[in-house]
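Accompanying notes for the structure given below.
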2 protein chains.
Amino acid sequence: MTVPKPPMRDALVAAAFRLFLERGYEQTTVDDIVALAGVGRRSFFRYFPSKEDVVFPDHERCLADMTEFLGRGGDEHDPVARVCDAARLVLRMYAENPTFSVQRYRLTKKVPGLRTYELSVVWRYERALAEYLRRRFAGQPDGTLRADVIAAAVVAAHNNGLRSWLRSDGESDASAEVDHALALVQRTFTPSAGPDPAEDVEDVVVLVSRRGAPMWRVVQEIEATLGHPPDRQN
Amino acid sequence: MTVPKPPMRDALVAAAFRLFLERGYEQTTVDDIVALAGVGRRSFFRYFPSKEDVVFPDHERCLADMTEFLGRGGDEHDPVARVCDAARLVLRMYAENPTFSVQRYRLTKKVPGLRTYELSVVWRYERALAEYLRRRFAGQPDGTLRADVIAAAVVAAHNNGLRSWLRSDGESDASAEVDHALALVQRTFTPSAGPDPAEDVEDVVVLVSRRGAPMWRVVQEIEATLGHPPDRQN
DNA sequence: GTTCGCAGGGAACTCAGTGCCATGCGTCGC
DNA sequence: GCGACGCATGGCACTGAGTTCCCTGCGAAC
């Protein structure tokens, strides 16, 4: 894998952020960065495909981590809980370098180009989650639709918590914020999570009489059958 | 407002798409476009801030329409239903020019730069929806969180239906696809004020053997049992 | 007719990103 | 020890997007 870290890459990131912070992103040219880092211009683009990439130096690795996390099974767990855990990987990356994350947040908030770039990164996370859910929901009615919607909701909740933390300059409790946000999503999409500590589930047997009934009605019926009420809102 | 349509703008769009389709987006330079349209290069950037903008010539107007739609009251309706209706404005714009929309879809699917640009456009729609919901949910616990999540879910559902329609080359029923997708979201987030359209649902009978099973597993079983989308409301 | 305003044209510039090749440097084979 | 090879880096020139500044033509107003 990535055995030792290339020093040049880090030097470029450091130089870039120094200049971005003191004179702004758009006012800084790639030539400025490489001059400060003392390397050739061509080398910059060897490490970063574009000027924007230097602002998000670790997202590529994080995305790979998430893909790997979702790739290795976990199919015995609730799919929604699984993607929530996957989202927490991103939070962890942000939380590893609070000051860096806050600085970057301020940058992306100001510069439209960086905001757009960030969107494309977030989109890739969302697609990874959605693809996983699509696999888990394969064959189910509206499987891909539910997968897309849940993935989007998870990402939105995660970002809501994350940004709340970033706005506090990293003072608040990032995990608590995101956990709270993700809990809401999980509650919403896991149809009335009752005693959830899932163990042996082989012996689930279901009988539904009326095939034409709407799904939400079926769920309601199940909830009534199981005995715990659908704890709506809070 | 925009009294008569500027002919030059349309000429540029037409010329651009001719070239994009026959030789690809990245293989077409702005100089190629203005040469074909018979206008000066400078004029292109007067009408479109960037090369990408020529691919989405009407989104700016649509976004203004949505903002206006959400701006004028409607506060007596269900907020979720309201943003769903707002999302349908976008669908309508796509449906107005099916062939154009399908061509553009194929382009954006291939070209990463256009995909990214589209994301930034979609993001602005999502923000408009979220801002509206934040206003509606102001003062409520987790108001902004719920606003962000619901906006994301609505956009995801809309896009799911929209893309399904685009993939069918505009043959399927766009409204039906999107209505179906948005209905799922609305059902999920509207605090279940009872069975909504409530028709023949009395005869749903369910039997679940194992009470300790996780809810998601039960639902999965039900869906497998039903084997088909149970709630296709035509 | 002169003047004002404005839509468009055009040259020249900045800067991101790419392709090509030279250079330096360490390692391996002999 | 010596050439061969691979690899990281630097240098340079080129394309193409986007911008700045200024020119031209044309219609309306006075």
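Residue numbers begin at 1 in each chain, while the letters A, B, ... track the order of the sequences.
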Between C:dG8 atom C1' and B:R9 atom CZ, what is the distance in whole Å? 17 Å
Would you please name every residue forming a ring-ring contact (aromatic ring centres under 6.0 Å, His included) with A:F45, sequence neighbours left out? none
Summary of protein contacts for nucleotides 8-17 of chain D, nucleotide by nucleotide, where a base hit scores B, a sugar-phosphate-only hit scores S (4.0 Å, heavy atoms): -BBBB---SB
Sequence neighbours excluded, the answer for ring-ring contact (aromatic ring centres under 6.0 Å, His included) partners of B:F69 is none
Return the value, rounded to whole Å, for the distance between atom CG of A:L19 and atom P of C:dC15. 14 Å
Partner set under side chain to side chain donor-acceptor pair (under 3.5 Å) for A:E52, not counting sequence neighbours: A:S50
With B:R134, which residues qualify under salt bridge (Lys or Arg N to Asp or Glu O under 4.0 Å), at least two apart? B:D148
Which residue pairs pass the ring pair (Phe, Tyr, Trp, His ring centres under 6.0 Å) test when at least one of the two sits in residues 131-170 of chain B, sequence neighbours left out? none
